[in-house]
Amino acid sequence: MTTRLRVATRKGLFTCIYEHKQWRIGEPAFLGDPVSMMLDDPRDGTVYAALNLGHFGVKLRRSRDDGKTWEELEAPSYPQQPEGAEGPPWKLVQIWSLEPGTKDEPGVLWAGTIPGGLFRSADHGTTWQLVRSLWDKPERLGWFGGGYDAPGIHSIVVDPRNGKRVALGISCGGVWQTEDGGITWRNIAQGMRAGFMPPDQAGDPNIQDPHRVVASPKDPDTLWTQHHSGIFRRPAKADQWSEITTSPVSGFGFAVASHPTDPNTAWFVPAMSDEKRVPVDGRMVVNRTRDGGKTFETLNKGLPQTSCYDLVYRHGLDIDSTGRWLAVGSTSGGLWVSSDQGDTWEIVAGNLPPIYAVRFVG
Amino acid sequence: MPKVIFASHVQRHVSAPDIVVEGSTVRSALDAVFADNRPLRGYVLDDQGHLRKHVVVFVDGARVVDRQGLSEPVKPDSEIYVLQALSGG
């Protein structure tokens with residue numbers, strides 16, 4: 001059986017293929033160019049790649065033949081900035097997230113960007129519209145950058161049962177949710193705690209830094225986040241996030257993955273701290289919970305356990321749709337996969353360019 | 001009419017042949033180029049129509065300084081070079 005994994009890096013888009021019981025790396029696309037995000041649309045097989053060319057800006061490419069040929073699309077673009085408008089310039093800096101709509105809305109795509117705009121396409125990415133209902137909210141001017149100069153939308157969680165329900169993770173702007181397809185939005189980050197703020201503002205939902213927000217398709221109402229200040233979970237029907245303090249090794253990190261059919265199972269890749277963004281004690285590990293965060297196991301078989309300084313970014317961890325395969329890609333160009341939910345790992349590549357995102361195909 | 005010349009670097013991504021166009025300012029000359037080559041526009045100008053941060057334009061050897069308005073005049077025999085700045089890694 002063939003499994004494939006896309007790897008977006010600072011120097012191109014790589015496709016890793018598992019067949020005959022081994023992994024190999026295929027020919028890269030866009031070699032030399034930064035690829036900030038990619039998407040294999042499970043509804044029709046179309047592949048999208050967002051580039052961030054150093055000189056020439058953000059580009060969006062689409063392939064309808066599995067990456068053999070690519071066509072250029074007009075990238076999302078911000079409208080004319082009104083004179084005196086506050087906040088970051090209305091200029092696209094990066095496409096940070098790309099997600100498909102639901103099965104009953106073919107062609108619908110969502111793109112989260114820096115400087116904080118959400119875009120929607122209804123025609124397979126050919127044209128894009130800024131979601132003004134969110135962009136025009138006065139609260140947006142209270143957001144700020146986390147790692148970048150301007151705020152950005154890195155996580156888009158579309159409810160597979162109802163495409164009008166969408167949750168967004170924003171660094172730093174909390175978690176926003178719409179239940180009417182983007183007409184109205186509300187911040188649902190209550191319960192998060194921002195250790196990087198003055199104490200009296202630590203609970204402000206509008207300045208939270210959820211590094212990554214995910215949900216299991218089986219239970220889209222239960223949200224997980226790896227936050228700048230720890231791990232939080234928002235159970236279905238709860239109106240608050242709860243901090244999970246049982247995570248071993250470290251509560252700091254960027255990535256989280258949720259099991260496709262078991263919403264109590266999730267994985268995290270801990271790093272030392274905000275100030276030291278490297279694995280603890282030079283050992284790469286993955287934390288797994290199977291009981292909604294009550295307890296964790298620390299997994300390290302096959303991962304480097306000495307002198308390892310690989311950091312895993314927010315999109316550097318993924319699980320496939322079967323719940324069997326996991327992949328981890330690092331900013332040092334290390335790529336590992338597991339075929340047993342993290343119990344054991346094998347290295348696929350140790351010298352790729354810095355990895356921004358890994359995503360299984362299908 | 002002024003001639004617009006694009007650096008080879010951008011041609012890796014998008015067609016950008018040298019072209020002679022109507023225009024009395026950098027803005028109007030570039031607009032004339034992009035009228036027939038829409039994909040190229042986004043490589044040179046950003047969302048607000050400003051010159052991209054890491055793109056530079058020279059008119060007859062002088063660097064364009066009005067990066068937002070592109071109001072510098074061009075003569076009928078001017079040469080407009082659109083180049084990438086030396087940045088990135």
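Lettering follows sequence order; numbering is per chain, from 1. In this text, all values refer to a predicted model and were calculated from it rather than measured experimentally.
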>> Rounded to the nearest 0.5 Å, what separates atom CZ in B:Arg12 from atom CG in A:Leu53?
In response: 7.5 Å
> In this structure, are over 12 heavy atoms from other groups packed under 6.0 Å from A:Lys137 atom NZ?
Replying inline: yes
>> Strictly distance-based, threshold 3.5 Å: is any side-chain N or O of A:Lys59 a donor or acceptor partner for the main-chain N or O of B:Gly42?
In response: yes
>> For B:Gln11, is the CD atom crowded, meaning more than 12 foreign heavy atoms sit under 6.0 Å from it?
In response: yes
> Just one of B:Val55, B:Leu40, B:Val14 clears the side-chain contact (heavy atoms from CB on, under 4.5 Å) bar with A:Phe56, so which one?
Replying inline: B:Val55
> Measuring heavy-atom distances to chain B, does A:Glu72 have an atom under 4.5 Å in its side chain, in its backbone, in both, or in neither?
Replying inline: side chain
> Checking heavy atoms, do the side chain of A:Pro79, its backbone, both or neither come under 4.5 Å from chain B?
Replying inline: backbone
> Side chains of A:His55 and B:His9: closer than 4.5 Å at any heavy-atom pair?
Replying inline: yes
> About how many Å separate NE2 of B:His50 and CD of A:Gln81, when rounded to the nearest 0.5 Å?
Replying inline: 8.0 Å
> Is the closest side-chain heavy-atom distance between B:Arg41 and A:Glu74 below 4.5 Å?
Replying inline: no
> So, does B:Gln48 use its side chain to make a donor-acceptor pair with the main chain of A:Trp90 at under 3.5 Å?
Replying inline: yes
> Got a sec: does the OH of A:Tyr313 have more than 12 other heavy atoms crowding it under 6.0 Å?
Replying inline: no
>> Is it the case that over 12 heavy atoms from other parts of the model lie below 6.0 angstrom from the CG atom of A:Asp149?
In response: no
> Under a 4.5 Å heavy-atom cut-off, does chain B meet the side chain of A:Leu51, its backbone, both or neither?
Replying inline: neither
> When you look at CG of A:Asn351, are more than 12 heavy atoms from neighbouring residues, nucleotides or ligands closer to it than 6.0 Å?
Replying inline: no
